[in-house]
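When a residue number appears, it is its place in the shown sequence, counting from 1.
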Amino acid sequence: MPLDPDNSPPPPPPHRDWFFPPAPPFLPSSSSRTLAHRTPFPSTSRSYKPYSLADRRPPPTPTPRSRSRSPHPSPEQPSPPPPSAPRRRDPRYAGVRGGDARTFPAAATAAAAAAAPPVPEKKSPPASQAALRWSGMVSAAAILLCFASLLRRNFSLHDQVHHLRGQLAAATAKLQSCIVVMDSSLDMSGMFSYQSDDDSVPSRSLKNFSLLLSLSALYAPIVILKYIDLVSKLRRPHDSEEVSINKRLAYRVDIFLSLHPYAKPLVLLVATLLLIGLGGLALYGVTDDSLSDCLWLSWTFVADAGNHANAEGFGPKLVSVSISFGGMLVFAMMLGLVTDSISEKFDSLRKGRSEVIEQSHTLILGWSDKLGSLLNQISIANESLGGGTIVVMAERDKEEMEADIAKMEFDLKGTAVICRSGSPLILADLKKVSVSKARAIVVLAVEGNADQSDARALRIVLSLTGVKEGLRGHIVVELSDLDNEVLVKLVGGDLVETVVAHDVIGRLMIQCARQPGLAQIWEDILGFENCEFYIKRWPQLVGMQFEDVLISFPDAVPCGVKMAAYGGKIILNPDDCYVMQEGDEVIVIAEDDDTYAPATLPKVKEAVYIDIVRHERNPQKILLCGMRRDIDDMIVVLDAFLSPGSELWMFNDVPEIDRERKLIDGGLDFSRLENITLVHREGNAVIRRHLESLPLESFDSILILADESVEDSAIQADSRSLATLLLIRDIQAKRLPYEEAFRGSFSEGSWMGEMLQASDKSVIISEILDPRTKNLLAMSKISDYVLSNELVSMALAMVAEDRQINYVLEELFAEQGNELQIRASDLYLRKDEELNFFEVMLRARQRKEVVIGYRLEDAERAIINPPDKVSRRRWSPKDVFVAIAEKE
């Protein structure tokens, strides 16, 4: 049915060749020239009929009558502007240019303009900005409408081409069917052609709807956000501080992306799916493919931007380029996300933020100059187990910690050291290093103020006790001040073992000052390189006396018992008549925990009773150079060790009044000092004239302390101690005659005599903090040094391996009980007597002492736990023995 029956040409006359169909309407006739007709989107089921050139005649020229409809304008009055929107066109003139459309009369336009109410002029700045925003939005809408009009025209052309192709195919089919089947086939082919034409109408409508839907979904959020923002600004008072909706929305998005770990990949996935979906709908609107094929084609454009090169037509090319551009953005976002994730993971590994999945490992919390010696001792202890795992967590960068550990010159012996960066005060960081599965936790003291260091250790103990899973191992805490030990044990309870570094070093210095050479003995016992303390149960020893247990171990030296009947109380140097009970454990000094076992009793000579000679203790004169924060505790210990009438000289740069006030504040009661008398001298220990004012040649022992003013810097403290030592030795050498240097109770040429000879009569003990200073003093032989940091690290390692060793060390360091002593051989041997080591041990039991080693006159170091205990030998009067004996 034609669209315009009045203007359509009459049907052609019947031809005699009735079986030949007429020429298709889309072919140009010879009588008149026709143009390609551009049809709009079909809205009815009418059959399509093109228009001839005659139908496209120009509109009639407006007559004066048509001009008279407008009001009577003056000649000078300009013509009114054209309307803002064209009127609806007749479908028959869809192919006619837009310039051919008629406009509204001028009179109607003028009347509408006159009838419109005047718009009040807004002079406020917000109103002008709103007007500018509205004009911008109108311009954007106009551009969007123009773009949509161009797309619509392109789609219309594409629809016409598709329609013409369909008609051509239908005509060809008719022609072929007419040749073969005659009239009936012609009618059926026409029916099918019209049916196909009718089916294309809803398909085209669906494609147009999908295109509009994709465009609306793309631009609607932007327009809505702009409109909401503009409306909120107009409604908000000028002086209001209310945050705009856009800022609040951006804030919510920021919070979502920062709080949820998988927010970024989720946003990227949603953006990719939206791009594929909208791109597929747009392609479905501009191509003839099905929706599924368009979605797949959209995915190929997103995945590979080069796939759009095969697109044909303006619409498909424009849509494919847009999808490819969005795909490039998605790929860039994905690449950035993957790069950030990989970089973040490597940064996490580099900075030590990953979780440690270990068990039965040793955990060290903190970092100090004692860490190197501690790692070395624990590695030696783990050697018999084939190596172990040590985890170090400190508030330092992981790479820096690993670099510092790599610079330490010692072999880890198969032990793996894992570094992690974190704070021991945070439970999340503690769980990251598997704190609940560690067999021992060592808390190192930090450098600086002692009270602050101990306060930090206390907070760490609180954090450890707050672990929800509980702790499998014990906690070893290094403290700086003895006064804080009670508080830490109160918080930690039975889980905590404390090692007060300054107290341990102070007591070692006092013992070494009384007995030169004892520092080397302590290094051998405390460290794991030679022999150390072990506690173990041996059921085969039940019922034996301790005297027999003493010679039952060929590869170890028993020195005490852990009594099960008294709640696990540790007793060093028990009575010979003590009988081992069920559950008792033997404390021995051995090379390792798997290198000793009890054997049958050896054959020894019957112990010959000798006269027990106890030397009287003479009053001593001791000098303390420097000021420590726990010097009051050292004074108490010295008062317990020294004989009555002894003098203790204190020489430092603290005024005497302030010095006494510090001692009283530290808890020292001068009225309770029974054996010593305090003598105060003020001066600088590194200035020669100040030292020359002291009677340095008259002191029995001189203790050079790491002054509290420089103890935070190990190198500076050691430099000061070394300078003081050299000045004292030089002053002594100039004041004392050479032959007076040999004066003493030991024979000339003996080991202890050589120590006194090297020290020019006085025994000088220097507190050394840096291990590099050790070699200087060892080669010069001018001081019986004490390497404080290394000894404390050894004690920490021993307590970390077995917390029971702490009770042994506490008794050996205490004022009462047993201690290590160096004994001359004439206390156990007669002249020219041959005895083996077991027999010497039995001789020492007459004095209730346990001999654990000896040093020969020509040896450089003492031998603890001799490997051969049954071979007899002739001992020299210059030999000395190392024994555990009660304090005299």
Side-chain angles (χ1 to χ4, degrees), residues 450 480-483 502-503 505-514 618-711 717 720-729 731-732 735 759 761-769 783-784 786 788 815:
S480 301
D481 198 336
L482 185 62
D483 297 335
H502 273 64
D503 183 63
I505 297 306
R507 294 174 184 273
L508 283 176
M509 292 183 68
I510 293 172
Q511 291 188 13
C512 295
R514 295 172 52 244
N618 298 323
Q620 296 185 9
K621 193 175 182 179
I622 297 178
L623 173 65
L624 293 180
C625 289
M627 190 72 176
R628 300 179 75 199
R629 58 178 172 270
D630 60 345
I631 196 170
D632 53 321
D633 298 326
M634 293 184 64
I635 294 174
V636 174
V637 175
L638 282 171
D639 183 68
F641 283 153
L642 299 178
S643 59
S646 300
E647 293 183 0
L648 179 61
W649 289 53
M650 299 181 64
F651 178 73
N652 50 66
D653 54 1
V654 180
E656 182 177 351
I657 300 177
D658 298 339
R659 191 185 309 169
E660 291 181 355
R661 185 174 62 253
K662 284 186 177 181
L663 294 176
I664 294 175
D665 294 341
L668 179 62
D669 188 358
F670 293 97
S671 61
R672 294 187 178 182
L673 298 179
E674 300 177 354
N675 299 327
I676 62 175
T677 302
L678 294 181
V679 180
H680 297 281
R681 289 292 184 270
E682 182 179 350
N684 195 334
V686 295
I687 299 178
R688 185 182 183 90
R689 68 175 182 273
H690 292 177
L691 291 173
E692 288 178 345
S693 64
L694 300 174
L696 298 177
E697 68 280 1
S698 62
F699 292 109
D700 298 293
S701 301
I702 299 176
L703 277 64
I704 301 176
L705 309 177
D707 199 271
E708 62 181 0
S709 60
V710 293
E711 66 179 356
R720 184 182 179 89
S721 300
L722 188 58
T724 303
L725 174 63
L726 295 175
L727 289 174
I728 291 175
R729 283 304 182 206
I731 294 173
Q732 286 181 339
R735 291 183 179 180
S759 61
K761 179 183 180 295
S762 297
V763 177
I764 298 182
I765 307 298
S766 301
E767 182 180 6
I768 302 302
L769 303 180
S783 174
D784 190 10
V786 173
S788 62
E815 299 90 348

Could you give me the CA-CA distance, side-chain angles and deciding distance for I676 and I622, then say whether side-chain contact (heavy atoms from CB on, under 4.5 Å) is met?
CA-CA 10 Å; I676 62 175; I622 297 178; over 6 Å; no
Check the pair I631 / L668 against side-chain contact (heavy atoms from CB on, under 4.5 Å), numbers first and verdict last.
CA-CA 9 Å; I631 196 170; L668 179 62; over 6 Å; no
Given the rule in the side-chain contact (heavy atoms from CB on, under 4.5 Å) test, do D633 and H502 qualify, once you have shown the distances and angles that lead to the verdict?
CA-CA 10 Å; D633 298 326; H502 273 64; over 6 Å; no
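Side-chain atoms of N675 never come within 3.5 Å of backbone atoms of S643 as a donor-acceptor pair (strictly under, hydrogens ignored). A side-chain donor-acceptor contact under 3.5 Å links D639 to the backbone of E674.
Note: L694 CG to C625 SG = 7.0 Å, rounded to the nearest 0.5 Å. Distance CE/M650 to CD1/I635: 4.5 Å, rounded to 0.5 Å. A distance of 11.5 Å separates CG of L623 from CG of D700, quoted to the nearest 0.5 Å. Note that CD of E697 and CD1 of I731 are 9.5 Å apart. Values are rounded to the nearest 0.5 Å. With values rounded to the nearest 0.5 angstrom, L705 atom CG is found 9.5 Å from S766 atom OG. We find the CG-CZ distance between N652 and R681 to be 12.5 Å, quoted to the nearest 0.5 Å.
Listed here is the closest heavy atom pair of A706 and R628: O-CG, 4.0 Å. The shortest non-hydrogen separation linking A723 to V686 is CB-CG1, 4.4 Å. For P644 against P619, the heavy-atom pair with the smallest separation is O-CG, 3.4 Å.
In this structure, the side chains of L638 and S646 stay at 4.5 Å or more apart for every pair of heavy atoms. Contact check for L642 versus L648: no side-chain heavy atoms found under the 4.5 Å cut-off. Between S698 and K621 the shortest side-chain heavy-atom distance falls below 4.5 Å.
Listed by first and then second residue, the side chain to side chain donor-acceptor pair (under 3.5 Å) pairs involving residues 682-691 are N684-R720, R688-E692, R688-D730 (not counting sequence neighbours). Counting only residues at least two apart or in different chains, salt bridge (Lys or Arg N to Asp or Glu O under 4.0 Å) contacts with residues 646-660 comprise D658-R661. Residue pairs that meet the ring-ring contact (aromatic ring centres under 6.0 Å, His included) test with at least one member in residues 642-688, sequence neighbours left out, are W649-F699.
When each of L725, L696, T724, L703 is paired with I764, the side chain to side chain contact (heavy atoms under 4.5 Å, CB included) condition holds for L725 and for no other.
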